[in-house]
Novice: 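Supplied in structure tokens, the structure appears directly below.
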Amino acid sequence: MGTTHVLDVCDLPPPEPMQQVLDRLPDLAPGDVVRMRHRREPFPLYPMLADMGFTYRVLTPPDVPFEILIWRADGPEPSA
């Protein structure tokens with residue numbers, strides 16, 4: 001399995017959360033995952049991820065409202 005990159009954007013104002021995650025994705029190696037922690041579900045991000053060749057899974061852990069796992073669509077699905 002690859003590297004997990006944690007990106008906590010809970011305290012950032014829009015559009016910084018979107019900018020930060022989009023800046024990280026081009027450098028994401030196959031098998032790597034971005035674990036984005038966010039105070040709200042970023043619905044506008046999802047179609048952009050698909051267009052860029054990424055997929056995602058939304059989790060709702062007890063310590064943050066939303067956690068979005070993002071990885072290359074042609075790579076292995078990460079474990080939660």
Novice: How about V21 and L45: do any of their side-chain heavy atoms sit closer than 4.5 Å?
Specialist: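 The answer is yes, as the side chains (C-beta and beyond) meet within the 4.5 Å cut-off.
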
Novice: Nearest 0.5 Å, what's the CZ-CD1 distance between R35 and I70?
Specialist: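 Between R35 CZ and I70 CD1, I get 11.5 Å after rounding to 0.5 Å.
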
Novice: Could you state the interatomic distance from NE2 (H38) to CG (D8), rounded to the nearest 0.5 Å?
Specialist: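 Interatomic distance, H38 NE2 to D8 CG, rounded to 0.5 Å: 10.0 Å.
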
Novice: Roughly how far, to the nearest 0.5 Å, is CD of E41 from OG1 of T60?
Specialist: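 Reported to 0.5 Å precision, the distance equals 9.5 Å.
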
Novice: Would R72 and D32 pass as an ion pair if we require N to O under 4.0 Å?
Specialist: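 Here R72 does not pair with D32 in a salt bridge, since their nearest N and O are not under 4.0 Å apart.
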
Novice: Flag yes if more than 12 heavy atoms outside D11 fall under 6.0 Å of its CG atom; otherwise flag no.
Specialist: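 Not more than 12 within 6.0 Å, no.
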
Novice: Which value, rounded to the nearest 0.5 Å, describes the distance between M36 atom CE and Y56 atom OH?
Specialist: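 M36 atom CE to Y56 atom OH measures 12.5 Å (nearest 0.5 Å).
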
Novice: Within a strict 4.5 Å, meaning less than it, do heavy atoms of the W71 and F54 side chains meet?
Specialist: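 When only atoms from C-beta onward are counted, F54 and W71 do not touch, as no gap falls below 4.5 Å.
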
Novice: In terms of hydrophobic clustering (I, L, V, M, F, W, Y; side-chain heavy atoms under 4.5 Å; direct or indirect links), are M48 and V9 co-clustered?
Specialist: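 Yes, M48 connects to V9 through the hydrophobic network.
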
Novice: Verify the cluster assignment for V33 and V6: are they in a single hydrophobic cluster under the rule of side-chain heavy atoms below 4.5 Å apart?
Specialist: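 No, V33 does not connect to V6 through the hydrophobic network.
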
Novice: Would you say R39's side chain and C10's backbone share a donor-acceptor pair under 3.5 angstrom?
Specialist: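 Checking the backbone N and O of C10 against the side chain of R39, a donor-acceptor pair under 3.5 Å is found.
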
Novice: Decide whether V34 and L59 are clustered together by the hydrophobic rule: side chain heavy atoms of Ile, Leu, Val, Met, Phe, Trp, Tyr closer than 4.5 Å, transitively.
Specialist: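 No, V34 and L59 fall in different hydrophobic clusters.
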
Novice: Find out whether R37 and L7 are in side-chain contact, i.e. whether some heavy atom of one side chain is under 4.5 Å from a heavy atom of the other.
Specialist: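 Sidechains of L7 and R37: no contact.
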
Novice: Measure the spacing between CG of L25 and CD of Q20 and express it to the nearest 0.5 Å.
Specialist: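 Going from CG on L25 over to CD on Q20, the span is 11.5 Å.
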
Novice: Heavy atoms, side chains only, cut-off 4.5 Å: are I68 and P42 in contact?
Specialist: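 Yes. Closest side-chain heavy atoms under 4.5 Å.
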
Novice: Is there a path of hydrophobic side-chain contacts, each under 4.5 Å between heavy atoms, that joins L22 and L69?
Specialist: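 Unlinked, L22 and L69 end up in two clusters.
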
Novice: Before you tell me yes or no, could you show the steps for T55 and L49 under side chain to side chain contact (heavy atoms under 4.5 Å, CB included), namely the whole-Å CA-CA distance, both residues' side-chain angles and the distance that decides it to 0.1 Å?
Specialist: CA-CA 6 Å; T55 193; L49 292 174; over 6 Å; no

